[in-house]
Amino acid sequence: MKAKSSGIAPDIFMKQIENGTIPNVVCIVGEEPYYRDIVRRTLLDAIFTDVPADSRDITVFEEKTDMKKLDTLINTYPFFSGRTVALITDKELLSSKAETEGKKSKSSGKGKSKEASLSKQEMLQKMLGDVPDFCTVILQAEKMDGRQKFTKFLQKETVYVDCSPVDSRYLPAWLSRQAERRGGHLDRGAVQRIQEYLATVDTPPLQLLAAEMDKIAVYAGERKNWTAEDVDLLFSALPEIGAFALNNAIAAKNPVLALQLLAEEQKKNTYLPLLAVKLLAHLRNILMVKEGERLGRTASQIAAESHKAPFLISMWQKDGARFSEARLRSGIQSLDRLVEEISLGGRQFDRLEEIIAILCA
């Protein structure tokens, strides 16, 4: 996870849940949908052990939350399952805007009772401070403002699960855990192949990766050691695969293969600006390594400064040996212009063909 985490990591939280520790208030916050979903599912399964999904007492507050209804739900004992859950995903209620509006309403609420002048967020904070044992309140959001009083309260007084995206540097450890959960093991070549596929991505698509890992587990069957060949065969759903193959062909200065692959992307109606951005990222990485070498930096220094895996730096060193810095800069400028011109109705795949041909010359 990212170093500036302000809460508990999802994996640690899920282990605590499996050991029987179920808190009354849980905040699931972060931009990684894979973690948000798996944390919520794990928590609900632990709360409602042996209770079928359609019999679970879960009330979702998505928008325009009725605070009286929420208060009643939290404090009313459930007669059927013995447990109740309030899932709050109301963006307006959880945002910093709610805190600001609360302050405005206070200033204009002269003559009102103290209770009536509370903002919705303040009312919620008061409720969260006294949740009975039979109820669990789950707050779920992509982002929360760390400067907010409400957020600081949640971080200090509740279980705050940080579902930030996984930094690409920590992807190997995440992949190893995923394989282990499925009863298998990714060898070094398999992990490196996945990293190569995702070299131009800052935040790996964990949901897609998890789905592809499921495929490998089924395909491999009793065989527990998973290889790069398994990855090549089954990681077909990743949107980066086409760009990865095209980048490799360009890096190898193989114009025939590169143009064939580009033609396939055109047949698939690939969104050209996104493809061009992936190619741009690859060329910039190669140029970054070449510039670092020119300045006398070692591969390990470049890896540390760029926050990239060392083997990726080695790969880009090999790719860079075939290009001059001037050729790379020219290709980058051409791709930048292409993306700009496409938005203005300019040439598209035929222009990218020309750029690739020049790069591979």
Side-chain angles (χ1 to χ4, degrees), residues 11 32 34 38 165-270 274-275 277-279 281-283 285-286 289 299 303 308-322 356 360:
D11 290 337
E32 179 47 69
Y34 168 80
I38 197 170
V166 169
D167 189 298
S168 57
R169 289 173 294 170
Y170 307 121
L171 183 60
W174 183 87
L175 290 169
S176 295
R177 290 195 299 272
Q178 293 296 312
E180 189 179 332
R181 282 178 191 162
R182 292 161 176 79
H185 168 72
L186 286 166
D187 68 19
R188 186 177 178 184
V191 173
Q192 288 191 352
R193 185 58 54 84
I194 296 169
Q195 286 183 288
E196 287 173 15
Y197 282 149
L198 302 174
T200 59
V201 179
D202 290 327
T203 53
L206 299 189
Q207 283 183 317
L208 269 175
L209 285 172
E212 298 308 299
M213 294 285 279
D214 287 335
K215 288 183 189 175
I216 288 184
V218 172
Y219 170 76
E222 294 300 314
R223 179 168 54 83
K224 300 306 177 187
N225 189 54
W226 304 341
T227 66
E229 287 72 23
D230 295 322
V231 172
D232 288 337
L233 184 64
L234 294 169
F235 269 47
S236 55
L238 289 177
E240 287 78 17
I241 296 297
F244 167 76
L246 188 52
N247 272 326
N248 277 357
I250 293 170
K253 284 203 168 182
N254 187 336
V256 175
L257 177 59
L259 294 176
Q260 284 175 348
L261 290 169
L262 181 62
E264 287 175 18
E265 294 303 309
Q266 187 170 7
K267 283 179 188 174
K268 290 190 291 186
N269 290 320
T270 297
L274 182 59
L275 180 61
V277 166
K278 299 289 183 188
L279 301 183
H282 190 63
L283 293 182
N285 283 327
I286 296 173
V289 173
K308 298 291 185 181
F311 96 90
L312 288 175
I313 301 301
S314 298
M315 183 179 77
W316 294 328
Q317 278 180 320
K318 290 176 185 174
D319 292 344
R322 303 185 186 98
I356 289 173
C360 293

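We're numbering straight along the sequence, starting at 1. From a predicted model like this one, the values you see are computed outputs, not experimental measurements.
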Task: Spacing of OH belonging to Y197 relative to CG belonging to N247, to within rounding of 0.5 Å - done: 13.0 Å
Open item on the list: Minimum heavy-atom separation for P172 and Q195, please, with both atom names.
Closed with: CG-NE2, 3.5 Å
Task: Nearest heavy atoms of L312 and E196, plus distance in Å - done: CD2-CA, 4.3 Å
Open item on the list: Could you report the tightest heavy-atom contact between L209 and P204, atom names first, then the distance?
Closed with: CD1-CB, 4.0 Å
Task: Which atom of W226 lies closest to which atom of G184, heavy atoms considered - done: CZ2-CA, 3.6 Å
Task: With R193, the side-chain hydrogen bond (donor to acceptor under 3.5 Å, both in side chains) member among D187, D232, D230 - done: D232
Distance-only donor-acceptor pairs under 3.5 Å for side chains of residues 315-322, two or more places apart:
residue: Q317; atom: NE2; partner: E293; partner atom: OE2; Å: 3.0
residue: R322; atom: NH1; partner: A251; partner atom: O; Å: 2.9

Task: Basic-acidic side-chain contact under 4.0 Å: D11, R181 - done: yes
Open item on the list: Just to verify, what does E229 make a side chain to side chain donor-acceptor pair (under 3.5 Å) with, not counting sequence neighbours?
Closed with: T227
Open item on the list: Using 0.5 Å steps for rounding, measure from the CG atom of L175 to the CD1 atom of I194.
Closed with: 4.5 Å
- [ ] Quick one: which residue pairs count as a salt bridge (Lys or Arg N to Asp or Glu O under 4.0 Å) with a foot in residues 249-268, not counting sequence neighbours?
- [x] E265-K268
TODO: Considering non-hydrogen atoms only, spot the tightest contact between K308 and N285 and give its length.
DONE: CE-OD1, 4.4 Å
Open item on the list: Quick check for you: to the nearest 0.5 Å, what is the distance between L234 atom CG and E212 atom CD?
Closed with: 7.5 Å
Open item on the list: How about CD on Q207, more than 12 heavy atoms from neighbouring residues, nucleotides or ligands closer than 6.0 Å, or not?
Closed with: yes
TODO: Begin from the C-alpha positions of E32 and T203 and carry the test side-chain contact (heavy atoms from CB on, under 4.5 Å) through to its verdict.
DONE: CA-CA 9 Å; E32 179 47 69; T203 53; 5.7 Å; no
Open item on the list: As an exercise, state the distance from CG of L246 to CZ of F244, rounded to the nearest 0.5 Å.
Closed with: 11.5 Å
Open item on the list: Please report the interatomic distance CD1(I250) to CG(L257), rounded to the nearest 0.5 Å.
Closed with: 10.0 Å
Open item on the list: More than 12 heavy atoms of other residues, nucleotides or ligands under 6.0 Å from CZ of R177: yes or no?
Closed with: yes
- [ ] Side-chain contact test, heavy atoms from C-beta onward, threshold under 4.5 Å: evaluate it for V256 versus C360 and give yes or no.
- [x] no
TODO: Give, for atom CG of L279 and atom CG of L274, the distance between the pair rounded to the nearest 0.5 Å.
DONE: 9.5 Å
Task: Non-hydrogen atoms of Q178 and A210 that approach each other most closely - done: OE1-CB, 4.4 Å
